[in-house]
Asker: 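Before I ask anything, here is the structure I am working with.
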Amino acid sequence: MTPHLPVSSHPAHHLLDALPPSPHHRRPRRRRRFCPPRPRASSSSSSLRCRAAAAAAPQPAAAAAPEARTRVFVVSDLHTDYPENMEWVRRLAVRAGAGEGFDALVVAGDVAETRDNFARTMEALRDRFDAVFYVPGNHDLWLRREGGRYVDSMEKLTALLDACSELGVDTGPRTIGDLGIIPLFSWYHKSFDKEKDVNSVRVPSLEMACKDFHACQWPSDLGSDDEALALYFDKLNDKNNDAIEEVKKKSKQILTFSHFVPRQELCPEKRMLYYPNLPKVIGSDYLERRLRAIHDNAEDGAACHVFGHTHFCWDSVVDGIRYVQAPLAYPRERKRRINGGQGWLPFCVYRDGFNPEIYPAIWSDYYNQNRREPENTQLAPWVAKYFSKYYGPPVFAKQTGSS
């Protein structure tokens with residue numbers, strides 16, 4: 001395998017900075033070949049199995065390994081408003097030019113908080129890859145630092161998509177070689193969370209914990225407290241239906257991608273999270289139904305979905321579709337090594353075919369070895385310690401009703 005791209009050595013706490021690596025789980029040092037899934041007894045949810053791709057980054061032509069014709073790298077949550085993260089982008093190798101294969105990058109949202117930083121980032125990425133694909137994340141639509149430039153977040157969304165068009169960044173379906181790449185617009189809704197709430201501690205409200213409720217502004221007919229936004233963003237994909245069908249006809253394998261999470265199994269259980277209500281602001285049932293419809297006829301190993309938002313490196317297979325998250329995340333998170341997949345960005349998921357090799361990520365590895373227990377609401381030791389430290393003994397008073 002080709003070596004990783006260099007990244008900034010410089011070492012942001014927010015809602016999704018939610019849990020540390022398990023003290024009982026060490027990241028494996030070696031890559032492993034993909035093993036077929038083994039059925040799990042008495043599991044109420046779909047069986048998870050780990051299946052990760054080794055990272056392969058662009059490098060000089062003098063490398064011993066032959067160049068692939070087509071490679072696709074994935075990354076999310078660049079957050080280049082942080083200088084360290086912008087420096088990471090600028091340190092990516094510039095493409096060598098014609099005759100060196102075709103390298104594409106899929107960016108699964110949360111590029112930057114301001115339109116200007118967004119444009120600078122995407123321009124830098126466009127200089128370094130033959131094609132760049134993008135879908136918007138929640139931070140991309142924040143308005144708090146735009147100085148009144150936009151009436152609402154929908155107007156900013158239009159401005160970002162216009163910037164992508166000007167820069168040659170793809171926001172619609174396209175076929176590259178034998179691979180179809182399909183961006184999927186999405187937003188989260190509270191009813192996505194269907195697991196038992198943690199009631200043993202007083203958890204701050206979503207409005208207090210999630211800045212989206214203040215940093216985004218929506219038209220009056222779209223509220224963030226119900227499914228209206230999630231449905232609106234999902235319907236934005238309808239305009240691409242014909243293009244999606246064309247991509248499906250031409251492609252041997254398909255990669256879909258979104259910013260938000262399509263299944264709750266792709267986030268650790270609530271008892272593991274510093275903010276147990278996190279699943280209420282991360283995902284969309286509409287998204288999962290849509291990507292399933294796209295991948296409905298995919299053969300084994302030919303369907304992949306890339307997502308972002310939660311900042312946890314992830315690679316697993318659920319019901320025949322591979323799910324990958326490869327976040328750059330915040331500098332502080334990288335310094336604390338809480339994301340669970342250091343040293344593998346940008347993540348090479350496709351190399352003339354989806355890469356079958358495993359590259360370890362702490363939380364998908366954990367759920368490959370341990371059954372999910374959503375009915376268990378006893379706080380993990382590090383979470384209990386966190387609540388005790390920051391909220392004090394009264395936090396642990398028993399609450400009545402649901403959170």
Asker: Determine, step by step, whether Leu278 and Cys267 satisfy the side-chain contact (heavy atoms from CB on, under 4.5 Å) criterion, reporting the C-alpha distance in whole Å, the side-chain angles of both residues, the deciding distance to 0.1 Å, and the verdict.
Answerer: CA-CA 9 Å; Leu278 178 65; Cys267 180; 4.1 Å; yes
Asker: Leu266 vs Val318, test: side-chain contact (heavy atoms from CB on, under 4.5 Å). Steps then yes/no.
Answerer: CA-CA 9 Å; Leu266 305 176; Val318 186; 4.2 Å; yes
Asker: Hydrogens and angles aside, do Ser284 and Ser186 bring a side-chain donor and acceptor to less than 3.5 Å of each other?
Answerer: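 Side chains of Ser284 and Ser186: no pair found under 3.5 Å.
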Asker: Would you say Lys239 has more than 12 foreign heavy atoms packed within less than 6.0 Å of its NZ?
Answerer: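 Counting neighbours around NZ of Lys239, more than 12 heavy atoms of other residues, nucleotides or ligands fall under 6.0 Å, so yes.
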Asker: Kindly state each residue pair satisfying ring pair (Phe, Tyr, Trp, His ring centres under 6.0 Å) with at least one member in residues 244-273, sequence neighbours excluded.
Answerer: Trp187-Phe260, Tyr188-Phe260, His259-His309, Phe260-His309
Asker: Ignoring hydrogens and angles, write down the donor-acceptor pairs under 3.5 Å from the side chains of residues 165-179, residues two or more places apart or on other chains.
Answerer:
unit_1: Asp170; atom_1: OD2; unit_2: Arg174; atom_2: NH1; d: 2.9

Asker: If I compare all heavy atoms of Thr114 with all of Glu146, which pair ends up nearest, and what's the gap?
Answerer: CA-OE2, 3.1 Å
Asker: Is it true that Asp197 and Lys280 make a salt bridge, defined as a side-chain N closer than 4.0 Å to a carboxylate O?
Answerer: yes
Asker: Side chain of Arg128, backbone of Arg90: donor and acceptor closer than 3.5 Å?
Answerer: yes
Asker: Between Ile294 and Thr256, what is the shortest heavy-atom contact and its length?
Answerer: CG2-CG2, 3.9 Å
Asker: More than 12 foreign heavy atoms under 6.0 Å from OH of Tyr150: is that the case here?
Answerer: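 Yes, OH of Tyr150 has more than 12 neighbouring heavy atoms, counting only those of other groups under 6.0 Å.
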Asker: If we ignore hydrogens and angles and just use 3.5 Å, is the side chain of Arg126 paired with the main-chain N or O of Phe129 as donor and acceptor?
Answerer: yes
Asker: Report the C-alpha separation of Phe118 and Tyr134 in whole Å, then their side-chain angles, then the decisive distance to 0.1 Å, and conclude whether the ring-ring contact (aromatic ring centres under 6.0 Å, His included) test is met.
Answerer: CA-CA 11 Å; Phe118 173 87; Tyr134 164 77; 5.0 Å; yes
Asker: Identify the two heavy atoms, one from Asn117 and one from Met86, that lie closest to each other, and give their separation to 0.1 Å.
Answerer: O-CE, 4.1 Å
Asker: Would you say the side chain of Val349 lies within less than 4.5 Å of the side chain of Arg322, judging by non-hydrogen atoms?
Answerer: yes
Asker: Could you tell me the separation between the CE atom of Met272 and the CG atom of Leu379, rounded to the nearest 0.5 Å?
Answerer: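 CG of Leu379 is found 11.0 Å from CE of Met272.
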Asker: For Asp152 and Glu155, indicate whether the former's side chain and the latter's backbone hold a donor-acceptor pair under 3.5 Å.
Answerer: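 Here the side-chain-to-backbone pair exists.
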Asker: Using the salt bridge (Lys or Arg N to Asp or Glu O under 4.0 Å) criterion, which residues pair with Glu123? Sequence neighbours excluded.
Answerer: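 None.
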Asker: Of the non-hydrogen atoms in Gly180 and Val247, which two are nearest, and what is the gap between them?
Answerer: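 Closest approach of Gly180 to Val247, heavy atoms only: CA-CG1, 3.5 Å.
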Asker: So does Asp130 pair up with Arg71, basic N to acidic O under 4.0 Å?
Answerer: no
Asker: Taking all heavy atoms of Thr377 and all of Ser200, pick out the closest pair and write down the distance.
Answerer: O-OG, 4.4 Å
Asker: Enter the distance from Asp319:CG to Glu288:CD here, rounded to the nearest 0.5 Å.
Answerer: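 Spacing of CG (Asp319) from CD (Glu288) equals 8.0 Å.
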Asker: Considering only heavy atoms from C-beta outward, does the side chain of Leu105 approach that of Pro346 to under 4.5 Å?
Answerer: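 Leu105 vs Pro346: side chains touch.
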Asker: Would you say His79 and His311 make side-chain contact, with heavy atoms under 4.5 Å?
Answerer: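 With C-beta onward as the side chain, the pair touches.
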Asker: My understanding is that only one of Lys194, Arg263, Arg290 makes a salt bridge (charged side-chain N to carboxylate O under 4.0 Å, His left out) with Asp285; could you say which?
Answerer: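 When Lys194, Arg263, Arg290 are each tested with Asp285, the salt bridge (charged side-chain N to carboxylate O under 4.0 Å, His left out) holds only for Lys194.
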Asker: Strictly distance-based, threshold 3.5 Å: is any side-chain N or O of Lys156 a donor or acceptor partner for the main-chain N or O of Trp142?
Answerer: yes
Asker: Checking the side chain of Ser153 only, and the main-chain atoms of Gln217 only, is there a donor and an acceptor separated by less than 3.5 Å?
Answerer: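 Yes; judged by distance alone, with no hydrogens or angles, the pair exists.
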Asker: Where the side chain of Arg372 meets the backbone of Tyr367, is there a donor-acceptor pair that is under 3.5 Å apart?
Answerer: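 A pair under 3.5 Å: no.
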Asker: Charged N to carboxylate O below 4.0 Å: is that the case for Asp226 and Lys190?
Answerer: no
Asker: I need the Trp363 CH2 to Asn370 CG distance, nearest 0.5 Å.
Answerer: 9.0 Å
Asker: Parallel, tilted or perpendicular: which one describes the rings of Tyr390 and Tyr386, with boundaries at 30° and 60°?
Answerer: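 Ring orientation, 0 to 90° scale: tilted.
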Asker: Taking Asp193 for the side chain and Glu195 for the main chain, is one N or O donor matched with an acceptor at less than 3.5 Å?
Answerer: yes
Asker: Taking atom CG of Asp365 and atom CD1 of Ile362, what is their separation to the nearest 0.5 Å?
Answerer: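 Interatomic distance, Asp365 CG to Ile362 CD1, rounded to 0.5 Å: 8.5 Å.
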Asker: Counting only N and O atoms by type, is there a donor-acceptor contact under 3.5 Å from the side chain of Ser364 to the main-chain atoms of Pro360?
Answerer: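 The answer is no, because no donor-acceptor pair under 3.5 Å joins these two groups.
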Asker: Mark yes when over 12 heavy atoms from residues, nucleotides or ligands other than Asp221 sit less than 6.0 Å from its CG; otherwise mark no.
Answerer: yes
Asker: Checking side-chain polar atoms at under 3.5 Å, does Tyr286 have a donor or acceptor matched by the opposite partner on Glu227?
Answerer: yes
Asker: Stepwise, does the salt bridge (charged side-chain N to carboxylate O under 4.0 Å, His left out) test hold for Asp296 with Lys248?
Answerer: CA-CA 10 Å; Asp296 57 353; Lys248 290 173 67 174; 3.4 Å; yes
Asker: Are the side chains of Val383 and Arg271 in touch, meaning some heavy atoms are under 4.5 Å apart?
Answerer: no
Asker: Would Val203 and Tyr275 count as a side-chain contact (heavy atoms from CB on, under 4.5 Å) here? Give the steps.
Answerer: CA-CA 7 Å; Val203 180; Tyr275 185 64; 3.3 Å; yes
Asker: With the threshold set at 4.0 Å, does a side-chain nitrogen-carboxylate oxygen contact exist between Glu246 and Lys250?
Answerer: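 The answer is yes: the pair qualifies as a salt bridge.
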Asker: With a 4.5 Å cut-off on side-chain heavy atoms, are Val107 and Phe133 touching?
Answerer: no
Asker: Are any side-chain N or O atoms of Asn241 and backbone N or O atoms of Asp238, one a donor and one an acceptor, separated by less than 3.5 Å?
Answerer: yes
Asker: Working to the nearest 0.5 Å, report the span between CD of Glu113 and CG of Asp81.
Answerer: 5.5 Å
Asker: I need the minimum non-hydrogen distance between Pro327 and Cys313, along with the two atoms involved.
Answerer: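 Looking at all heavy atoms of both residues, the closest pair is CD-SG, 3.7 Å.
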Asker: Is the shortest heavy-atom distance from the side chain of Leu236 to the side chain of Leu157 under 4.5 Å?
Answerer: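 Yes; the side chains approach each other to less than 4.5 Å.
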Asker: If you round to the nearest 0.5 Å, how far is CZ of Phe307 from CG of Leu291?
Answerer: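 It comes to 11.0 Å.
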Asker: Go through the steps to decide whether Tyr232 and Met154 satisfy the test side-chain contact (heavy atoms from CB on, under 4.5 Å), and finish with yes or no.
Answerer: CA-CA 11 Å; Tyr232 178 89; Met154 290 303 181; 3.2 Å; yes
Asker: Are a donor atom and an acceptor atom from the side chains of Asn85 and Arg334 found within less than 3.5 Å of each other?
Answerer: yes
Asker: State, with a plain yes or no, whether a side-chain heavy atom of Asp77 is found less than 4.5 Å away from one of Leu328.
Answerer: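 Contact flag for Asp77/Leu328 side chains = no.
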Asker: Does Met208 reach the side chain of Leu206, with side-chain heavy atoms less than 4.5 Å apart?
Answerer: no
Asker: Using a 3.5 Å distance criterion without hydrogens, assess whether the side chain of Ser76 forms a donor-acceptor pair with backbone atoms of Gly308.
Answerer: no
